[in-house]
Protein chains: 2
Amino acid sequence: MAASPRICGPAVPTAGSHAVQRPLGLDEVQITGGPLGRWQQTNRTASIPLGLRQVEQGGSVPNLRLAAGEGKGGFRGYRFQDSDLYKQLEAVAWEHARQPDPGYEAFLTASAELLARAQRPDGYLNSHYQLVKPDLIYAELEYSHEMYCAGHLLQAAVAAARAGAAPLLPAVARRLADHLVAVFLDGGDDGLDGHPEVETALVELYRLTGEGSYLALARKLIDNRGRGLIRDVGLGPLYAQDHLPVREADTAVGHAVRQLYLEAGIVDVYLETGDRSLLDCSVRRWEDLVATKTYLTGGHGSRHDGEAFGERYELPPDRAYNESCAAIASLHWNWRLLLATGDGRYADLFERTLYNAFAAATSTDGLRFFYVNPLQRRADYSADRYDGRRREWFDCACCPPNIMRTVASLGHYLATRDEDCLYLHQYAPGTIRSSDVELAVATDYPWDGRVGISVARAPATWRLALRIPAWSRTTTVLVDGTPVPVTPDERGYLVLSNPREHVELRLDLAPRLVFPHPRIDAVRGCAAVERGPLVYCFEQADQSADVDELALIPGTELRVVGMQDLPGVGRTVLIEADARAIHQPSGGLPYGDHPPPASTAVTATAVPYFQWDNRDGGAMRVWLPHPFEGIR
Amino acid sequence: MAASPRICGPAVPTAGSHAVQRPLGLDEVQITGGPLGRWQQTNRTASIPLGLRQVEQGGSVPNLRLAAGEGKGGFRGYRFQDSDLYKQLEAVAWEHARQPDPGYEAFLTASAELLARAQRPDGYLNSHYQLVKPDLIYAELEYSHEMYCAGHLLQAAVAAARAGAAPLLPAVARRLADHLVAVFLDGGDDGLDGHPEVETALVELYRLTGEGSYLALARKLIDNRGRGLIRDVGLGPLYAQDHLPVREADTAVGHAVRQLYLEAGIVDVYLETGDRSLLDCSVRRWEDLVATKTYLTGGHGSRHDGEAFGERYELPPDRAYNESCAAIASLHWNWRLLLATGDGRYADLFERTLYNAFAAATSTDGLRFFYVNPLQRRADYSADRYDGRRREWFDCACCPPNIMRTVASLGHYLATRDEDCLYLHQYAPGTIRSSDVELAVATDYPWDGRVGISVARAPATWRLALRIPAWSRTTTVLVDGTPVPVTPDERGYLVLSNPREHVELRLDLAPRLVFPHPRIDAVRGCAAVERGPLVYCFEQADQSADVDELALIPGTELRVVGMQDLPGVGRTVLIEADARAIHQPSGGLPYGDHPPPASTAVTATAVPYFQWDNRDGGAMRVWLPHPFEGIR
């Protein structure tokens with residue numbers, strides 16, 4: 001029953017790959033509602049139009065015009081300014097695949113033509129180096145981002161090709177990729193970009209074109225990392241993961257986005273080559289990362305300094321960096337690990353990251369973005385740099401178009417196939433059609449735990465695998481009206497044989513108090529609230545007392561407040577907890593014997609983390625003290 | 001009985017100033033032992049010789065030779081490289097005052113001659129701008145550090161003058177100060193250095209010379225701060241305290257050293273002008289800072305990013321920045337506040353900072369230094385940048401010579417006078433002679449709480465004021481063998497009238513468990529150990545279990561282990577506590593319901609924080625969990 005989809009999404013292993021499951025096509029999955037559907041709609045109506053203005057205003061398009069010998073003025077923005085346009089092109093391409101639009105097609109075509117005019121005859125293309133530093137092309141790869149930018153162009157071209165638009169774009173991308181191959185594979189140059197990204201992009205271009213040298217170059221770049229081939233930019237070799245060869249490194253270090261994009265490339269090369277040592281080392285780091293360096297939201301990066309991972313268990317909520325791009329890179333990596341292994345723990349983390357670390361980056365209206373995604377904001381925060389509140393745009397605007405390309409392609413990540421089984425990894429209302437199977441999914445997930453799956457069409461013999469999230473304590477499943485035992489397999493999936501008409505999955509959305517591992521120093525003595533895949537937080541706007549003075553009553557009941565449309569926030573479900581507001585006097589050194597503070601009984605009200613900062617700029621906490629000793 | 005000292009130390013208000021107490025001279029106080037005496041000895045035999053090599057090797061002296069038209073090569077180091085030499089000159093001058101040495105005198109004289117040759121005819125002197133950017137002199141003050149460097153030269157010159165050495169140095173300094181006055185006071189240029197430092201230095205040069213324009217310029221620079229006159233270097237206006245006029249700002253912000261040097265200058269200008277609004281605003285920020293942004297060690301600066309203060313109660317132990325220079329700047333500020341008010345709370349904080357944040361910056365052997373002084377180091381820390389272990393030197397070497405100038409002048413900060421009273425603020429063995437009063441102090445403080453003060457000479461009517469540290473819970477004082485009631489005045493001093501022969505002060509050195517204010521999120525549920533003025537820490541080298549797995553038994557007894565000479569560490573007193581080692585399994589996301597962990601009873605052993613990192617590079621914690629719920 002396995003036939004190829006018509007429109008592939010991002011990261012689609014070849015038929016001969018070592019993937020144990022394969023993605024469905026973008027045309028095979030339709031999301032028709034729920035938060036994911038709402039994000040896609042807002043992405044189309046608000047975010048992408050904003051992004052299209054910004055690639056002009058921010059300099060990406062004007063820079064390329066200058067490189068093409070058109071227009072006047074000087075280069076503007078960062079040396080990686082081209083990548084803003086490339087990510088925007090990819091977002092538009094996936095959005096065009098999802099819902100075709102002549103305007104999108106025209107933008108893709110015009111951009112491809114501009115890029116073709118800007119591209120040097122030898123295939124090299126980078127407006128910053130062509131305009132500003134022509135003598136230093138590939139000479140300062142430790143911070144030039146030339147391969148990083150190339151990687152984003154390759155990914156945009158793959159997206160355009162799969163969306164059936166702008167055939168010139170893949171041609172431009174191939175010329176650039178061929179130039180990279182000529183220099184860094186055939187030419188023997190052992191240069192490495194300080195910022196990984198091109199590795200996964202080269203594999204994708206290989207998948208699109210079948211050109212083996214792209215895969216070979218990706219493999220070389222990965223094999224050579226950690227051998228001191230990258231000049232230190234003053235931040236040490238950990239910063240760019242050049243401290244150890246990838247097969248020897250046990251833990252994620254340095255700049256978080258770099259590490260995570262590198263991992264995606266590592267798994268991609270495994271998928272297409274079968275080099276098991278690559279999968280093994282990546283899984284080893286994943287296990288370490290999840291156990292010791294991952295935020296409750298799925299976010300990554302504990303330090304502003306170097307936008308970096310911290311030490312094991314260094315997970316401060318207030319100074320969490322959790323760059324939005326790191327959440328996206330984590331989605332990429334987990335998706336590839338899922339395809340490589342079929343293990344539901346990767347889909348579990350994908351879901352946690354998707355609904356929390358990733359979703360929180362965008363405002364409800366789709367017009368403002370976080371670069372940094374902390375789990376706590378104090379009342380007296382300052383917003384000198386990118387922390388503080390969401391912004392419409394950034395000087396370094398890596399995140400917003402990255403978010404847009406991801407939202408446009410969300411349908412890609414919901415389901416996979418193997419020979420006779422259809423796997424549902426993420427739950428959203430819509431339809432899933434894969435050759436001889438057609439399902440309609442009805443749900444208000446994640447607000448409601450009931451997921452109804454109607455089988456519109458299926459062969460006589462098939463299987464349906466449902467991911468049972470690790471957080472669902474009591475799960476019920478009815479097949480054609482009859483309850484079945486819910487015994488997930490070792491991968492975390494309940495596999496049903498030949499369901500005929502209707503499957504109802506009932507996940508347990510009872511809100512949960514969760515506690516941190518005792519080694520996480522920064523949130524010792526605290527608890528957080530979750531419901532389903534959603535992490536909650538306590539925003540000042542919903543409290544009768546100062547957020548920073550709240551402490552949960554140990555073992556408090558958690559009360560779900562019914563669905564509402566909260567002004568600014570949108571459709572949401574709040575949760576109430578019993579708490580006390582602690583009135584602790586201050587003055588003098590804050591160390592010594594503190595007398596038991598006075599406190600007042602209050603109700604603390606939590607809102608989903610992904611919906612925070614849509615009202616005022618007040619304080620916010622994911623973690624509240626619990627219990628709080630010495631309250632009287 | 002008030003006569004002027006022969007050799008003044010740093011920060012000596014004029015006779016007509018608004019100081020309520022005045023310092024003794026460096027020749028009036030001798031420290032003969034104890035940790036302070038040991039630090040001074042090591043400073044002389046190890047640190048200063050190292051510093052003298054580094055001003056050659058690091059580029060400071062060669063750069064100035066180039067500026068003088070001598071030697072070959074190019075400028076080396078940072079744009080503020082001159083200041084390394086200036087701080088080294090100041091250290092040598094104070095050390096020469098303490099214990100004259102012909103080699104020191106020759107170094108001071110030769111350096112002054114070099115500076116005179118390098119100085120432009122108009123008085124300007126800065127090797128970086130003279131050699132590298134002659135067209136940009138005073139044109140990029142937001143990051144040029146030109147006034148910062150000038151300030152350090154002024155301070156070195158004041159020190160040399162007071163030490164009676166190198167009379168050419170004050171002449172060079174005055175020409176430079178006159179140039180600053182010509183441009184920024186008489187010339188009407190409203191430029192401000194991004195890094196405050198020159199303000200306090202100008203006041204000191206005014207004190208030395210009586211030249212009122214130096215004081216007037218200091219006042220102008222302070223009055224103009226916070227008015228947007230400093231171009232943003234990309235870190236926002238808070239970074240350089242340019243967000244609000246100093247009289248309006250309520251809390252310390254931005255780069256910690258900048259804020260704290262600025263405060264010292266503010267109080268200095270108050271002292272010499274009587275502008276009470278300056279003292280008031282500085283005291284207001286001091287109270288806020290102490291209550292919400294000060295580490296247990298007295299350290300300041302919660303963020304690596306921007307070397308900056310954080311938000312109120314943002315005090316992570318692991319990522320504490322606590323730059324060594326910030327501790328020194330805090331000593332400067334507290335000293336001036338003490339002179340301005342006589343309030344012992346400033347001497348209390350001075351002591352806490354001196355014995356902990358400041359003292360920890362230097363290794364026992366005086367040959368390695370911390371730039372960053374955290375309160376926790378995990379086993380898997382990385383030392384890519386200046387965190388990690390102490391280093392012999394740094395590319396940006398602001399801290400080591402700053403430490404050296406402070407240690408050399410420590411005697412300055414022990415005692416003050418007013419008309420008929422001698423105040424003892426810090427306790428160390430030695431002699432104190434102030435015109436008609438001569439005391440001999442015998443003590444093994446801070447290892448021992450007994451301080452014996454023998455009156456060798458005193459007038460018929462006089463008073464002796466002893467600071468009773470806030471941490472001493474039960475204090476005993478015997479005057480000429482007879483116990484007296486210990487009722488400190490509102491400033492925290494026990495004032496004795498006409499003690500004749502001997503005073504014995506017995507401070508309470510029983511070790512104490514201290515707890516953080518409930519608003520300090522980062523160390524919630526933890527306790528630390530203190531004894532006298534010393535903060536303790538738990539180093540891996542002294543434990544039988546992993547430091548990161550230790551938890552104190554609630555209410556544990558604290559046992560003092562008698563004085564010992566610990567290899568590498570030196571003379572010390574350890575403290576033992578009852579603890580448990582928690583064996584918490586890891587794996588999977590570190591959030592959820594953690595079962596009560598297994599644990600083992602162990603003894604946790606603490607060493608004074610200022611002596612940490614003198615053995616291996618193992619883990620260290622000041623704060624340990626206490627109590628640790630769910631231990632079985």
Side-chain angles (χ1 to χ4, degrees), chain A residues 235-239 251 253 287 290-292 294 296 303-305 310-319 345 349 352 376 378 380-382 384-385 514-526 528 548-549 551 582 584 586-594 597 623 625 627-629, chain B residues 235-239 251 253 287 290-292 294 296 303-306 310-319 345 349 352 376 378 380-382 384-385 514-526 528 548-549 582 584 586-594 597 623 625 627-629:
Chain A
L235 299 171
L238 297 180
Y239 177 69
T251 189
V253 297
E287 290 175 348
V290 167
T292 68
T294 299
L296 187 65
R303 298 182 179 177
H304 281 238
D305 191 40
E311 294 149 15
R312 290 188 177 94
Y313 299 111
E314 178 190 328
L315 292 161
D318 47 354
R319 296 296 288 168
R345 64 182 182 168
L349 186 60
R352 178 176 292 274
Q376 176 180 2
R378 292 191 182 81
D380 67 331
Y381 73 94
S382 65
D384 260 6
R385 300 177 75 182
V514 292
F515 303 93
H517 188 283
R519 285 285 299 276
I520 304 180
D521 294 301
V523 290
R524 173 171 291 114
C526 288
D548 285 325
E549 295 191 338
I582 316 292
Q584 179 75 42
S586 69
L589 262 190
Y591 310 103
D593 283 325
H594 297 283
W623 295 100
F628 203 87
E629 290 165 73
Chain B
L235 299 171
L238 297 180
Y239 176 70
T251 190
V253 297
E287 290 175 348
V290 167
T292 68
T294 299
L296 186 64
R303 298 182 178 178
H304 282 237
D305 193 38
E311 295 149 14
R312 291 188 177 95
Y313 299 110
E314 178 191 329
L315 292 161
D318 48 354
R319 297 295 288 168
R345 64 182 182 169
L349 186 60
R352 177 176 292 276
Q376 176 180 4
R378 292 190 182 82
D380 68 331
Y381 73 94
S382 65
D384 260 6
R385 301 178 74 181
V514 293
F515 303 92
H517 189 282
R519 286 285 300 276
I520 304 179
D521 294 300
V523 290
R524 173 171 290 114
C526 289
D548 285 325
E549 294 191 339
I582 316 292
Q584 178 76 40
S586 69
L589 262 190
Y591 309 105
D593 283 326
H594 298 284
W623 295 101
F628 203 86
E629 290 165 73

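We name chains A, B, ... by the order of the sequence lines, and we start the count at 1 in each one.
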query: Does the side chain of B:P625 come within less than 4.5 Å of A:R524's, by heavy atoms?
result: yes
message: Taking every non-hydrogen pair under 4.5 Å, which of A:Q376, A:E549, A:H517 racks up the most with chain B?
response: A:H517
task: Before accepting this row, confirm whether a basic side-chain N of the pair B:D548/A:R312 lies closer than 4.0 Å to the acidic partner's carboxylate O.
output: no
field: Least distance between heavy atoms, B:L589 atom then A:T294 atom
entry: CD2-CG2, 3.8 Å
task: Check B:P516 against A:Y591 and note the closest heavy-atom contact, atom names and distance.
output: CA-CD2, 4.1 Å
message: If I measure from the heavy atoms of chain A, does B:D318 come under 4.5 Å with its side chain, its backbone, both, or neither?
response: side chain
- request: Return the option, out of B:V290, B:T292, B:L315, B:I520, with the maximum number of heavy-atom pairs under 4.5 Å with chain A.
  value: B:V290
message: My understanding is that only residues two or more places apart in sequence, or in another chain, count here; which of them pass side-chain hydrogen bond (donor to acceptor under 3.5 Å, both in side chains) with A:R303?
response: A:E311, A:E314
- request: Against chain B, work out which of A:D521, A:T251, A:V253 has the most heavy-atom pairs shorter than 4.5 Å and name it.
  value: A:D521
- line: Checked B:R345, B:R352, B:E287 vs chain A; the most non-hydrogen pairs under 4.5 Å come from B:R352
